[in-house]
Enquirer: 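Please find one structure pasted underneath; my questions will follow.
Below, read A as the first sequence line, B as the second, and so on, with proteins coming before strands; counting in each chain starts at 1. Nothing here was measured: the structure is a model prediction, and the numbers come from that model.
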Amino acid sequence: MQLESMYQEIILDHYRRPHHKGLREPYEAEVHHVNPTCGDEVTLRVHLVGDVIEDVSYESLGCSISQASASVMSDLVIGKSVKDAMTIGDEFLALMQSRGSVEPDEDVLEDAVAFVGVSKYPARIKCALLGWMAWKDATSRALETAS
Amino acid sequence: MQLESMYQEIILDHYRRPHHKGLREPYEAEVHHVNPTCGDEVTLRVHLVGDVIEDVSYESLGCSISQASASVMSDLVIGKSVKDAMTIGDEFLALMQSRGSVEPDEDVLEDAVAFVGVSKYPARIKCALLGWMAWKDATSRALETAS
Amino acid sequence: MVALPALLPEELKKDFPILSRTVRGGRPLIYLDSGATSQKPRQVLDAEREFYEQRNAAVHRGAHLLAEEATEAFEGARATIAHFIGATDVREVVFTKNATESINLVAYSLSNAATSGSSASRFLVGPGDEILVTEMEHHANLVPWQQLCQRTGATLRWFGVTDEGRLDLSQIDELINERTKLVAMTHQSNVLGTVLPVQEIAAKARAAGALIVLDAAQSVPHIPVDVADLGVDFLAFSGHKMLGPSGIGVLWGRYDLLAAMPPFITGGSMIEVVRMEATTFMPPPQRFEAGVPMTAQAVGLAAACDYLTELGMDRVAAHEHALTEYGLAKLAEIPGLRLIGPSTAESRGGTLAFVVDGVHSHDLGQVLDELGIAVRVGHHCAWPLHRRFQAQATTRASLYLYNTLPDLDALADGVREAQKFFGTV
Amino acid sequence: MVALPALLPEELKKDFPILSRTVRGGRPLIYLDSGATSQKPRQVLDAEREFYEQRNAAVHRGAHLLAEEATEAFEGARATIAHFIGATDVREVVFTKNATESINLVAYSLSNAATSGSSASRFLVGPGDEILVTEMEHHANLVPWQQLCQRTGATLRWFGVTDEGRLDLSQIDELINERTKLVAMTHQSNVLGTVLPVQEIAAKARAAGALIVLDAAQSVPHIPVDVADLGVDFLAFSGHKMLGPSGIGVLWGRYDLLAAMPPFITGGSMIEVVRMEATTFMPPPQRFEAGVPMTAQAVGLAAACDYLTELGMDRVAAHEHALTEYGLAKLAEIPGLRLIGPSTAESRGGTLAFVVDGVHSHDLGQVLDELGIAVRVGHHCAWPLHRRFQAQATTRASLYLYNTLPDLDALADGVREAQKFFGTV
Ligand SMILES: Cc1ncc(COP(=O)(O)O)c(C=O)c1O
Ligand SMILES: Cc1ncc(COP(=O)(O)O)c(C=O)c1O
């Protein structure tokens, strides 16, 4: 079975024990994103201090891929500057659209490299991106509120 | 060419010298019928005296088949009782739907037997029926007015 | 494994070229997603191709031989399809692109009644009027009615669903009342499999003076359907779910209603006289078929009806009933699996939707796919129903005439394998 | 007869199986009715069949391999078609069942704006507003706008047509004014062959703040069309007129407009979140593609685009231009024949409509049919235009890439034969 290439241990670990889960105060923006094809959903908050992402907190319902991805994302962006975090987000998006053809950069993506197998399954890419898209959206809104 | 089987001399004669054409008074009902696919049209009046069709007058624009058919129709129904004329109309309709498979009864249909060839061309059946349908419609209306 | 006498011969699979292809890792395809769309037998594909290669022309518009033959093929297809659903008047069969358009046609014709003069006044819907649906509807038979209410100011109401997955009829006498203008319901749920007591509901709706729309997208392909028996006014279904091509659907409607209804999509071939100032319209079915229609697809759908008729819809239904009983029993043995829908095969079609503790349906679907088993995961366009069952998503296996008992064995084995993979057993 | 360098090779006919069939009395078929619908090359039929036999599944709904492959084929087809018309954003291509539905989509979205809240207010149309069309429109680009006016209280106005069959632009500055909400016009007339000065009209319409809808049903199949160049907001065409399958059409629309427009047909696959109380919708193109789409037909249409691209649309246009010049000259030699439309091939496509003194077009068509020549007779869904030319009906020969000079010789000879038969010469 090829399943192991999609469901790497890192992913299953994050799925079973997600990091940073739960909704916390304070926050500048909260968004609710849904995957219309399957109904997976995430509610996500962003708390900025200056241009640093101080906290990302979320509640989500969904498959292992969407859950694990939100967990990995929160690990990656919390404590980073908005600019750096956005760069990581772009890198992850590129990985997802690569159909498994690029070698992910572990220095940048850390645990997120484990999602390389997911990029071969177009129907699952949206799952892996759900949390990231919500975070991006919430961050832009938080920045708008700030300015 | 098979054209002669559709355009029998009788038809071409009626087409070139249509009988009873023109709109006349008196009349109890006037109708306007159109063939939506080609735009052929007929305006037709019926004058009843008791249950006898005293006159059928019409103006029409259209192909040889529709023109000739209206002419033959007026010959056949003028002077007949409504009941007898309707029977002839039904017989003509049956001929048109026969796809050339029935032997038309010349005693009943007279010149209208010439339309047997038309029944093999589905797209032209409506042409042959245009005047008949208008006459039927006008006659029903005239009867309604009378009652 | 037993060979049940009701089953159709396994050789049927040979008529469907796609069923002999292999999928991931060279595994044979086990197709359990016919509720989404069915596969097509060679006979249907051949009929379409023969039309294109021998008779293709614009129907109802030309006087040349090809146009004549194309029109005959198209109208012959209409007659075959009418006969298939027990319609005695071929003019009651309107071609659309899918069941979704069929339902929208009725919904838009009703709102168009507001600007179509007194002849359409019986179709007027407005504030104070009620449109009644059910909580188990496919979005195709829910959203168009929400939108009709939005356009007209009418109120949407709905039947609930019981824990067993049956329609909750306890409030029927309150729900169907003198304000009810239209009742829209599914014949067979695309998630639960439940077959609704259509005649009973239709009788009450008719007594209240309401129009009745039946979404037959999941019934016409699977059980004998006779419009004369059902007591409904309109019936909608899609060709692609019943062995036919994509791109074609049907709206059947009672002739006297269709003849009084305002048009929906307008354009060529549906007009009587056109002037710049105003236009008059042809009688049904032409009034509702604007533009060059899906001609080859109609011919293909008629070939699908012929295929089903030759097998016999009774036998198709019996085959699926036997498979359903077998599948329900198989799934019931799996610990941690919760079926959504009736647990017995009575008044129920071959749609098996379920959740598995600890394994999200997306993940379950992925494991099954890896094993060559195609099922659907998600809300299956019935989101409110999923909310009703506190299921965010379900896994759905939906059966058709080409499925076999081993397909269901493979499904059950696959579910257990997923449980093992995700460590929930 | 000369062989013109611009002509495509005659061997092209071999790609079209139907063109080798015989008709009445065993005569070879001469197909001059491509304006109604085109014939299909083997390449298109093969692509459709390959899809059904290898990849058929419901797109955008399943997670299994077939659904994945089907979705890829469908979205790949969208990209091919977008590229074919010069659209850089694939989301601007919406699949419909035909050009007629594409135009109705815009018309209904506009009237739906009345009940869609403030975000749709830019699309509101009502009393005092004007919708501008032309007198040469196909019913598909006239009746939907009449109906929009009927639904909303807006006023329909129109450009006239000159005796030469060109658009009469003398009133343009009065016709396009601050009340003009939308201008709908044909790119190429399906009767006259006239190509309209789209950019000029569009520029004035845009300056007045009006939306611009182009009916490209007769241009996209025949000449290079680039949406970026035309300056319009929406463009509609059908697959069946451009070598593609029946049952599929396209609406191209500017993304920012599509993204703000209310939906038309509603149901599955176009929703974001559905509750019994209310529903939100996906962005374009999904918002406008409710229900299971015409998947195989999209794949077939993309194959048609590939076929045309391989030939080169410039060469297709040059071929038809050469045929048109030749045909115009041939017809001009026939006494008693009156052409409806421009007498030269400048800014004009290969559509030759005419009346013959003393021979009604139905009778003329019959004689031609007997000779194996398929033309169209009647008003060709452009009744107001026929009234404009005091022609109750015309005979129309419409050309495509598979036509040849001998086809036009046969046409001219056939017209003379009809004149002899009916004794008018
Ligand atoms: C100019 C024009 N517009 C619109 C249409 C409508 O196309 P369809 O019938 O495929 O919707 C046609 C063809 O019938 C046409 O020639
Ligand atoms: C119950 C039901 N109704 C309506 C539909 C809509 O059918 P289509 O998408 O073919 O229009 C479906 C299938 O998707 C269905 O299962």
Side-chain angles (χ1 to χ4, degrees), chain C residues 17-18 21 23-24 33 36-37 39-40 45 49 52-54 56-58 61-66 97-98 100-101 104 115 135 138-140 143-144 146-147 150-151 158 240 246-248 265-268 271 274-276 279 290-292 294-297 362 365 369 374 376-377 381 383-384, chain D residues 17-18 21 23-24 33 36-37 39-40 45 49 52-54 56-58 61-66 97-98 100-101 104 115 135 138-140 143-144 146-147 150-151 158 240 246-248 265-268 271 274-276 279 290-292 294-297 362 365 369 374 376-377 381 383-384:
Chain C
I18 203 171
R21 76 161 271 187
V23 285
R24 311 238 190 245
D33 196 17
T37 199
Q39 297 304 341
K40 328 297 175 198
L45 303 180
R49 183 143 192 158
Y52 279 131
E53 296 195 344
Q54 295 297 327
N56 179 61
R61 292 190 180 184
H64 54 75
L65 180 71
L66 281 193
K97 66 176 173 178
N98 53 25
T100 302
E101 186 196 339
N104 277 268
T115 50
E135 204 179 3
H138 187 281
H139 297 161
V143 188
Q146 291 178 335
Q147 293 284 307
Q150 186 167 323
R151 289 196 298 278
W158 54 89
H240 69 90
S246 57
I248 184 164
I265 293 178
T266 57
I271 57 86
V274 179
R275 300 179 183 279
M276 292 308 289
T279 294
V292 171
M294 47 298 291
T295 327
Q297 291 76 22
H362 250 177
D369 183 39
R376 183 147 168 219
V377 298
C381 301
W383 206 330
Chain D
I18 203 171
R21 76 160 272 187
V23 285
R24 310 237 192 248
D33 196 18
T37 200
Q39 297 304 341
K40 327 296 174 200
L45 303 180
R49 183 141 192 162
Y52 279 132
E53 295 195 344
Q54 294 298 326
N56 178 62
R61 293 190 179 184
H64 53 76
L65 179 71
L66 280 192
K97 66 177 174 177
N98 52 26
T100 302
E101 185 195 339
N104 276 267
T115 50
E135 204 179 2
H138 187 281
H139 297 161
V143 188
Q146 291 179 336
Q147 293 283 305
Q150 185 167 323
R151 288 197 299 278
W158 53 90
H240 68 90
S246 57
I248 185 163
I265 293 178
T266 56
I271 57 87
V274 179
R275 300 180 182 277
M276 291 309 289
T279 294
V292 171
M294 47 297 290
T295 327
Q297 291 76 23
H362 250 178
D369 184 38
R376 186 152 163 212
V377 298
C381 303
W383 207 328

Enquirer: Answer whether the closest heavy-atom distance between the side chains of C/Met294 and D/Gln297 falls below 4.5 Å.
Expert: no

Enquirer: With chain D, which of C/Val377, C/Ile248, C/Thr115 has the greatest number of heavy-atom pairs at distances under 4.5 Å?
Expert: C/Thr115

Enquirer: If we define contacts as heavy-atom pairs under 4.5 Å, which of D/Asn104, D/Thr100, D/Thr295, D/Ile271 has the most with chain C?
Expert: D/Asn104

Enquirer: Quick one, C/His139 and D/Thr279 - any side-chain contact, counting heavy atoms below 4.5 Å?
Expert: no

Enquirer: Distance from C/Lys97 atom NZ to D/Ile265 atom CD1, nearest 0.5 Å?
Expert: 4.5 Å

Enquirer: So which residue, D/Ala63, D/Gly365, D/Ala290, ends up with the most heavy-atom pairs under 4.5 Å with chain C?
Expert: D/Ala290

Enquirer: Between C/Arg151 and chain D, which part of the residue has a heavy atom less than 4.5 Å away: side chain, backbone, both or neither?
Expert: both

Enquirer: Count the heavy-atom pairs under 4.5 Å between each of D/Arg49, D/His362, D/Gln150, D/Gln54 and chain C, then report the option with the highest count.
Expert: D/Arg49

Enquirer: Below 4.5 Å from any heavy atom of chain C, which atoms of D/Gln39 appear? Answer side chain, backbone, both or neither.
Expert: both

Enquirer: Taking every heavy-atom pair that is under 4.5 Å apart, which of C/Lys40, C/Glu53, C/Met276 has the most such pairs with chain D?
Expert: C/Met276

Enquirer: Find the one option among C/Glu135, C/Arg21, C/His138, C/Glu101 whose heavy-atom pairs under 4.5 Å with chain D are most numerous.
Expert: C/Arg21

Enquirer: Looking at C/Asn56 and D/Thr37, what are the two nearest heavy atoms and their distance?
Expert: ND2-CG2, 4.0 Å

Enquirer: Specify the closest pair of heavy atoms between D/Gly268 and C/Cys381, including all atoms of both residues, with the distance to one decimal.
Expert: CA-SG, 4.0 Å

Enquirer: Heavy-atom cut-off 4.5 Å, strictly under: side chain, backbone, both or neither for C/Gln146 against chain D?
Expert: side chain

Enquirer: Output yes when a side-chain donor or acceptor of D/Asp369 lies under 3.5 Å from a complementary backbone atom of C/Leu65, and no otherwise.
Expert: yes

Enquirer: Do C/Leu66 and D/Asp33 touch side chain to side chain, with heavy atoms closer than 4.5 Å?
Expert: no

Enquirer: Select one option (side chain, backbone, both, neither) describing which atoms of C/Gln147 are under 4.5 Å from chain D's heavy atoms.
Expert: side chain

Enquirer: Looking only at heavy atoms, what is the nearest atom pair of D/Ala296 and C/Ser246, with distance?
Expert: N-OG, 3.4 Å

Enquirer: Using a 4.5 Å cut-off on heavy atoms from C-beta on, say whether the side chain of C/Val23 contacts that of D/His64.
Expert: no

